[in-house]
Amino acid sequence: PNKTLEYVDWINEKGNVVGRIEKIFAHQHGILHPAGHVFVFDSKKRLILQYRSSTKRIYPQKWDTSVGGHIHAGGGILNNTQREAWEELGINVPLHYLGKALAEGKETNRTGTYYHREIIHYFYAQLSAKTKIKTNEEFENIAFVELEKMPAFIRTHPFTHSFLVGWKKFGKKLLSLQKGGMH
């Protein structure tokens with residue numbers, strides 16, 4: 001009740017904006033909207049994963065991408081995703097675009113049923129040894145996982161649908177980038 005309403009762009013299948021709606025309304029009714037996620041690697045080239053807080057309305061207590069969030073209505077994809085990186089991990093580093101994917105799914109939990117219809121824009125970022133990440137109330141834990149160990153980690157831990165869509169589409173590319181030397 002005390003939270004400020006968050007608005008997102010209502011988009012069509014091509015990604016064109018057709019309106020503006022409140023974020024929770026989009027999830028309650030399965031309305032397509034954009035999001036941005038970042039696979040962040042530490043200086044040892046391990047993937048940083050966040051374990052979502054038990055207080056999160058959508059996908060509580062599941063592992064997720066290092067950074068993920070909705071694109072605010074009227075906001076640019078890159079700028080909003082960089083804002084999320086700052087808010088969630090306290091990092092301000094270059095983001096490298098991987099591509100986009102349609103994520104559709106449904107989740108029913110203690111707070112209701114939510115429909116996910118997002119076009120998610122995925123990025124990756126490489127941290128230097130000097131870069132420190134901060135903790136945040138949005139997640140309860142973080143993990144640093146070597147990419148070669150990700151298939152086993154995914155099999156043995158609960159993950160968000162958004163992460164799994166991005167991993168399925170870009171996991172091999174991330175492994176290739178890692179072996180070839182990330183930026």
Side-chain angles (χ1 to χ4, degrees), residues 6-18 20 23 26 31-50 52 58-59 63-105 116-134 136 138-139 142-148 150-151 153-154 159-183:
E6 291 183 62
Y7 288 90
V8 295
D9 288 326
W10 178 348
I11 58 176
N12 63 20
E13 300 288 333
K14 294 180 180 179
N16 298 321
V17 177
V18 296
R20 181 180 124 162
K23 178 177 78 171
I31 296 170
L32 190 61
H33 57 282
H37 283 243
V38 187
F39 295 100
V40 179
F41 294 88
D42 70 1
S43 62
K44 297 176 183 174
K45 297 186 179 181
R46 298 174 300 181
L47 180 59
I48 300 170
L49 300 172
Q50 65 169 273
R52 293 172 63 85
I58 300 170
Y59 295 128
W63 290 98
D64 202 355
T65 49
S66 318
V67 171
H70 291 84
I71 306 302
H72 290 175
I77 292 163
L78 179 59
N79 289 341
N80 270 262
T81 306
Q82 287 173 320
R83 174 189 47 78
E84 286 288 340
W86 177 253
E87 288 175 5
E88 291 185 12
L89 295 179
I91 59 172
N92 185 10
V93 296
L95 303 182
H96 306 279
Y97 193 67
L98 289 166
K100 61 185 176 182
L102 175 64
E104 295 183 289
H116 301 275
R117 290 197 68 234
E118 298 173 337
I119 292 180
I120 302 176
H121 297 267
Y122 291 93
F123 298 83
Y124 75 91
Q126 173 69 53
L127 303 181
S128 72
K130 296 177 189 176
T131 307
K132 303 290 183 217
I133 59 174
K134 67 176 177 110
N136 179 306
E138 291 193 24
F139 57 93
I142 58 173
F144 299 85
V145 182
E146 295 171 16
L147 282 187
E148 295 81 12
M150 277 304 299
F153 198 87
I154 290 169
F159 274 87
T160 66
H161 181 67
S162 302
F163 174 86
L164 294 173
V165 166
W167 181 258
K168 182 177 179 180
K169 187 162 186 177
F170 301 111
K172 287 180 183 174
K173 185 173 184 178
L174 290 169
L175 190 55
S176 172
L177 286 166
Q178 183 191 48
K179 288 182 179 183
M182 293 186 162
H183 303 235

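Count residues from 1 along the sequence.
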Does the His72 side chain pair with the main chain of Glu6, one donor and one acceptor, at a distance under 3.5 Å?
no
Counting only heavy atoms not in Asn92, do more than 12 sit closer than 6.0 Å to its CG atom?
no
Can you name the nearest heavy-atom pair linking Pro94 to Ala125, along with the distance?
O-CB, 3.6 Å
Measure centre to centre between the rings of Tyr59 and His116, then say whether the value is under 6.0 Å.
yes
Steps toward side-chain contact (heavy atoms from CB on, under 4.5 Å) verdict (Leu177, Phe170)
CA-CA 10 Å; Leu177 286 166; Phe170 301 111; over 6 Å; no
Test item: Arg52 side-chain N/O and Ile58 main-chain N/O as donor-acceptor pair under 3.5 Å:
yes
Kindly say whether the aromatic ring centers of Trp63 and Phe153 come within a distance under 6.0 Å.
yes
Residue that, paired with Ile48, satisfies side chain to side chain contact (heavy atoms under 4.5 Å, CB included) out of Phe39, Phe41, Phe144:
Phe144
Any chance you could lay out the side chain to side chain donor-acceptor pair (under 3.5 Å) test for His70 and Glu118, step after step, and finish with the verdict?
CA-CA 9 Å; His70 291 84; Glu118 298 173 337; 3.0 Å; yes
Quick one, Arg83 with Asn79, criterion side-chain contact (heavy atoms from CB on, under 4.5 Å). Give me CA distance, side-chain angles, the key distance, then yes/no.
CA-CA 6 Å; Arg83 174 189 47 78; Asn79 289 341; over 6 Å; no
Quick one: does any side-chain atom of Lys134 pair with a main-chain N or O of Ile91 as donor and acceptor, under 3.5 Å?
no
Evaluate the criterion side-chain contact (heavy atoms from CB on, under 4.5 Å) for residue pair Met150 and Trp167; output intermediate values, then yes/no.
CA-CA 9 Å; Met150 277 304 299; Trp167 181 258; 3.5 Å; yes
